[in-house]
Amino acid sequence: MPRLSEVIAALESLWPAERAESWDAVGTVVGEPDQEVSRVLFAVDPVQEIVDEAVKLGAGLLVTHHPLYLRGTTTVAASTFKGRVVHTLIKHDIALHVAHTNADTADPGVSDALAGALDLRVVRPLVPDPTDPDGHRGLGRICELDHPLTVRELAARAAERLPATAQGIRVAGDPEAVVRTVAVSGGSGDSLFDQVRAAGVDAFLTADLRHHPASEARAHSPLALLDAAHWATEWPWCELAAAQLDEISDRKGWGLRVHVSKTVTDPWTAHAASTPTSDPLGAPN
């Protein structure tokens, strides 16, 4: 069995920490470098439910996309929910490693996995990484469909292919408009509207779209917006990342058992659809 330090070195080769944004908190959070690792679990969120799953699985390493302490802390007391995560990890000899914005811009990365889940052909990054001479790394992806779809049909495909959440897929734009090109970005994407408009695509699929940026984007152009749950747009990366580590394990003869958590950690748990109204006065006061 490989040592943790060897597995971490392999993960760092896929998602080097120096490629993370300056505000990000990536890398190994908990773990003894010399401990042996036989089982690895991938997940989006380092929450207690996922850590408990790692304990039951007998994993020696948990790899998550989201950081545990993005803004730092002054305590890891078990009386806090994040402190309890740390205590559980250490008590059960489970290491925690985070790949966040360094996985977002990787080749392949989070948005490649999102595009793959939707059967979209990746053409190029939406926001290229200027340090990549090959032009493959960067934030988001510009994609083409195998055949044109309406906005309604593309939304239905996303709802079918992405993990189910209470939100589902929200749409802004003409449902019958034809889509041939799509920009995708896993996670929060409404800071990318300028780049999406510059790309000239027909639709943009991302998550966490806010009222004002979405309204302004629609006023600027006929761009269709598809807003999925944050967790759902990033979960496909877990399967991609697990496959990458599986390949490294096979090549090195490690025999790692690599798993992907299917636990839904999206915070929203229910959805109540609005009741249609024929009131000509519109919304209630």
Side-chain angles (χ1 to χ4, degrees), residues 44 65-66 100-101 103-128 136-240 264 266 268 271:
V44 175
H65 182 52
H66 289 153
H100 192 212
T101 52
D104 285 334
T105 59
D107 173 35
V110 171
S111 293
D112 292 290
L114 175 57
L118 300 176
D119 281 342
L120 304 176
R121 185 177 72 84
V122 172
V123 177
R124 62 185 185 276
L126 175 62
V127 185
H136 295 156
R137 293 197 308 268
L139 191 61
R141 294 294 184 266
I142 297 172
C143 308
E144 295 178 344
L145 283 81
D146 51 359
H147 61 274
L149 296 175
T150 65
V151 171
R152 188 190 307 278
E153 291 169 333
L154 180 59
R157 177 186 290 191
E160 178 186 1
R161 303 287 181 82
L162 295 180
T165 61
Q167 173 181 316
I169 309 295
R170 298 191 301 175
V171 175
D174 179 2
E176 303 310 320
V178 175
V179 177
R180 295 179 176 84
T181 55
V182 185
V184 301
S185 181
S188 304
D190 63 16
S191 65
L192 301 174
F193 278 132
D194 287 345
Q195 292 88 341
V196 171
R197 282 193 292 271
V201 294
D202 301 315
F204 180 34
L205 189 149
T206 187
D208 294 344
L209 293 181
R210 296 168 295 166
H211 174 91
H212 293 294
S215 177
E216 291 171 8
R218 288 288 303 148
H220 275 292
S221 75
L223 175 72
L225 306 178
L226 290 84
D227 182 37
H230 188 120
W231 172 84
T233 63
E234 294 180 331
W235 184 85
W237 171 80
C238 295
E239 290 196 322
L240 169 64
V264 177
D266 185 75
W268 306 106
H271 170 79

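- When the side-chain hydrogen bond (donor to acceptor under 3.5 Å, both in side chains) test is applied to Glu153, the partners found at least two apart in sequence or on another chain are Thr150.
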For this session: Test side-chain contact (heavy atoms from CB on, under 4.5 Å) on Arg157 and Leu149 and set out the steps.
Result: CA-CA 10 Å; Arg157 177 186 290 191; Leu149 296 175; 3.6 Å; yes

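- Side chains of Val110 and Thr105 form no contact here, defined as non-hydrogen atoms less than 4.5 Å apart.
- Counting all heavy atoms, side chain and backbone alike, Asp112 lies closest to Pro108 at OD2-CA, 3.3 Å.
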Exercise. When you look at Cys143 and Val123, which way does the side-chain contact (heavy atoms from CB on, under 4.5 Å) test go after all the steps?
Worked result: CA-CA 5 Å; Cys143 308; Val123 177; 5.6 Å; no

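- Shown here are the ring pair (Phe, Tyr, Trp, His ring centres under 6.0 Å) partners of His65, two or more places apart in sequence or in another chain: His100, Trp237.
- Between Asp190 and Arg210, at least one side-chain N (NZ, or NE/NH1/NH2) sits under 4.0 Å from a carboxylate O, which counts as a salt bridge.
- Looking at every heavy atom in both residues, Ala155 comes nearest to Ile169 through O-CG1, 3.9 Å.
- Heavy-atom minimum distance, Thr206 versus Ser188: OG1-C, 4.0 Å.
- Looking at Leu226 and Arg170, their side chains never come closer than 4.5 Å, going by heavy atoms from C-beta outward.
- Scored by the side-chain hydrogen bond (donor to acceptor under 3.5 Å, both in side chains) test, Thr165 finds no partners at all (sequence neighbours excluded).
- Residues His230 and Glu234 bring a donor and an acceptor atom of their side chains to less than 3.5 Å of each other.
- With rounding to the nearest 0.5 Å, the separation of CZ in Arg197 from CD in Gln195 is 9.0 Å.
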Exercise. Should Val171 and Leu225 be marked as a side-chain contact (heavy atoms from CB on, under 4.5 Å) after you check the CA-CA gap, both sets of side-chain angles, and the distance that decides it?
Worked result: CA-CA 6 Å; Val171 175; Leu225 306 178; over 6 Å; no

For this session: Please report the C-alpha distance between Leu223 and Val201 in whole Å, then the side-chain angles of each, then the deciding distance to 0.1 Å, and finally whether the side-chain contact (heavy atoms from CB on, under 4.5 Å) criterion is met.
Result: CA-CA 7 Å; Leu223 175 72; Val201 294; 4.0 Å; yes

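- Residue pairs meeting the ring pair (Phe, Tyr, Trp, His ring centres under 6.0 Å) criterion with at least one member in residues 169-206, sequence neighbours excluded: Phe193-Phe204.
- Counting heavy atoms from C-beta on, the side chains of Leu192 and Leu126 come closer than 4.5 Å.
- Under the 4.5 Å side-chain criterion, counting only non-hydrogen atoms from C-beta, Leu205 is in contact with Leu118.
- Residues Asp107 and His136 approach most closely at OD2-CB, 3.2 Å, considering heavy atoms.
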Donor-acceptor contacts under 3.5 Å from residues 178-186 side chains, at least two apart:
unit_1 : atom_1 : unit_2 : atom_2 : d
Thr181 : OG1    : Asp202 : N      : 3.2
Thr181 : OG1    : Asp202 : OD2    : 3.4

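- Listed here is the closest heavy atom pair of Leu162 and Ala228: CD1-CB, 4.1 Å.
- Identified under the side-chain hydrogen bond (donor to acceptor under 3.5 Å, both in side chains) test for residues 117-126, with sequence neighbours left out: Asp119-Arg161, Arg121-Glu144.
- For Asp227 against Gln167, the heavy-atom pair with the smallest separation is O-NE2, 2.8 Å.
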